[in-house]
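Each remark here refers to the structure printed beneath this line.
Order of the sequence lines fixes the chain letters, A, B, ..., with proteins taken first and strands second; residue numbering starts at 1 for each chain. Basis for what follows: all heavy atoms, side chains included, without hydrogens, waters or symmetry-related copies.
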Amino acid sequence: SAHGHKGRHYNRSKPQRTVQDALRAVEAAADNPGISKEGCKKHELYVSFRDLGWQDWIIAPEGYAAYYCEGECAFPLNSYMNATNHAIVQTLVHFINPDTVPKPCCAPTQLHGISVLYFDDSSNVILKKYRNMVVRACGCH
Amino acid sequence: NFSVDNEVRSSFIQRRLRSQERREMQREILSILGLPHRPRPHVHTKHNAAPMFMLDLYNTISTGPEPSGFSYYKPVLPSQVSPMVTPQDSRFLDDADMVMSFVNLVDQDQDLLYLQHRREFRFDLSRIPEGEAVTAAEFRIYKDLIQKSYDNETFIVSVYQVLQESPNSEVELLLLEQREVWAAEEGWLAFDLTATGNLWLGNPEQNLGLHLVLEDRHGQRTNPRVAGLVTGSRPQDKQPFMVAFFRANEVRFRSIR
């Protein structure tokens, strides 16, 4: 916080202890990689307009590779997970208070668009650009 | 980047969806596409002029580098005459969030209309979502080659916006564009409708359509077919249509379901 200097000086020793606790918990988690789930990464998902039975109104494309992000954002947040600095802080705070503060979220960090060509009810044709439809990269936020 | 991921068909592991899953997936994708329901077009031939032109535009966006390991699905255009996308259309496309083609609602194939020297065209712009502004619009009509004509024979094609019409009085018209065409010319003629399109979008009650008038070199009004103008629905790949390029004024959020 940019404000609240009083609060920062007040009870100064307590946060230091809790951060130390968090770091110990981080070390413990890092020492037990076997129990950790799969890390945050991009998974394949192809949306097929043909398989959805929409060929009578969607002219193009036949479908598109959408992808999605899934996996755990837990320490060690290595470069593969493309974690932000905020994600690292979020993980620390989660260790301090795991019941109320969630872990960082595995979510898209890069998104791209597609365009879809389709008929409307009046047989007019619409070409629409949809932004942020395709996951390019995932990361921990 | 609208080019790379379009038309990608990967060798993803496939699983057949159960009926319920399929319905849910359809609902989700419709929501992502911003559609309240699945469109049910009464005519869905892709060989009409407007869908072919739109497919040309789509392919203009979709031609990009192909990432390795992916096979591409490319819609194949029929081999008939295709409404060519001009460099100007490509520029309009770059600025647009949405492009829409409109079919002519006036039945030009009625025999009685062939007696008249003007043609009427109407397009329904009433279903455009709010917040979309027309950045460019064109009326497109095909001109066939006239075989039996003098080399230097020319015609004047005039496109008018209908301002007012009532059964008891003359139709009030506003000249939008006038163009001289050679009898030997062949191809698509595009008339600018940008201002008219914006007017019709904001004031649907003023959308009374267009009139096309053809005059020969002596100033005599004549049937547009004499100059090779295709005003009817045949051939289907040469039907006249309107195309409009839209840009969203505001960020639209999907409603929470």
Side-chain angles (χ1 to χ4, degrees), chain A residues 38 40-71 82 105-139 141, chain B residues 1-14 16-17 22 25-26 29-30 32-35 37-46 48 50-51 53-55 57-59 61-62 70 72-75 93 96-103 105 123-125 127 241-243 245-246:
Chain A
E38 194 179 12
C40 170
K41 69 172 190 178
K42 194 171 93 169
H43 292 261
E44 291 190 334
L45 174 70
Y46 186 81
V47 177
S48 170
F49 296 135
R50 175 181 285 183
D51 290 350
L52 290 171
W54 286 350
Q55 281 170 299
D56 60 330
W57 66 276
I58 291 194
I59 302 169
E62 184 188 275
Y64 73 101
Y67 300 102
Y68 66 99
C69 299
E70 194 185 35
N82 198 19
C105 183
C106 177
T109 51
Q110 271 188 321
L111 290 161
H112 281 198
I114 62 161
S115 49
V116 181
L117 185 66
Y118 60 93
F119 284 108
D120 69 3
D121 289 323
S122 308
S123 298
N124 296 322
V125 182
I126 298 169
L127 172 60
K128 203 162 182 180
K129 294 176 183 175
Y130 291 95
R131 297 174 198 283
N132 306 332
M133 290 281 273
V134 174
V135 175
R136 268 303 163 87
C138 299
H141 292 251
Chain B
N1 182 345
F2 284 94
S3 60
V4 180
D5 279 305
N6 247 2
E7 311 295 355
V8 175
R9 193 185 188 186
S10 169
S11 54
F12 291 170
I13 297 163
Q14 292 190 22
R16 189 169 289 280
L17 297 173
R22 187 184 158 98
M25 185 66 83
Q26 285 176 332
I29 302 294
L30 280 174
I32 289 169
L33 295 176
L35 297 170
H37 61 88
R38 168 202 168 131
R40 302 270 180 197
H42 50 89
V43 178
H44 43 80
T45 170
K46 294 162 189 172
N48 286 351
F53 171 79
M54 296 294 280
L55 203 47
L57 281 181
Y58 174 86
N59 287 331
I61 299 176
S62 304
F70 290 102
Y72 270 66
Y73 165 79
K74 286 279 180 200
L93 185 61
D97 296 313
M98 182 174 84
V99 189
M100 196 164 170
S101 71
F102 301 90
V103 293
L105 301 175
F123 307 99
D124 182 10
L125 274 71
R127 297 188 188 188
F241 63 95
M242 177 180 167
V243 60
F245 298 77
F246 298 91

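- A/Asp120 places no side-chain N or O within 3.5 Å of a backbone atom of B/Pro41 that could act as its donor or acceptor partner.
- For the options B/Met242, B/Arg38, B/Arg127, B/Met98, heavy-atom pairs under 4.5 Å to chain A are most numerous at B/Arg38.
- Proximity of A/Phe119 to B/Pro39: side-chain heavy atoms (C-beta onward) are nowhere separated by under 4.5 Å.
- Considering CG of B/Leu57 and OG of A/Ser115, their distance stands at 10.0 Å, rounded to 0.5 Å.
- What you find for A/Met133 and B/Leu33 is that their closest heavy atoms are CE-CD2, 4.1 Å.
- Annotation for A/Leu52 and B/Met25: closest pair CD2-CG, 3.9 Å, computed over non-hydrogen atoms.
- Taken to the nearest 0.5 Å, the OH atom of A/Tyr64 stands 5.0 Å off from the CD1 atom of B/Ile29.
- Distance check: A/Leu127 CG to B/Ile61 CD1 gives 4.5 Å after rounding to the nearest 0.5 Å.
- For the pair A/Lys129/B/Val99, no side-chain contact is recorded, criterion being any heavy-atom separation below 4.5 Å from C-beta on.
- Once rounded to the nearest 0.5 Å, the distance linking OG of A/Ser123 with CG of B/Asp124 reads 12.0 Å.
- Looking at A/Asp51 and B/Arg22, no side-chain N of the basic residue comes within less than 4.0 Å of a carboxylate O on the acidic one, giving no salt bridge.
- Heavy atoms closer than 4.5 Å to chain A are found in both the backbone and the side chain of B/Leu30.
- Using a 4.5 Å cut-off on side-chain heavy atoms (C-beta onward), A/Val125 and B/Met100 make no contact.
- Looking at B/Leu105, neither its backbone nor its side chain comes within 4.5 Å of chain A, counting heavy atoms on both sides.
- Shown here for A/Asp121 and B/Arg40, the closest heavy-atom pair between the two residues is OD1-N, 2.6 Å.
- To the nearest 0.5 Å, atoms CG (A/Asn124) and CZ (B/Phe241) are separated by 11.5 Å.
- No part of A/Gln110 comes within reach of chain B, as not one of its non-hydrogen atoms sits under 4.5 angstrom from that chain.
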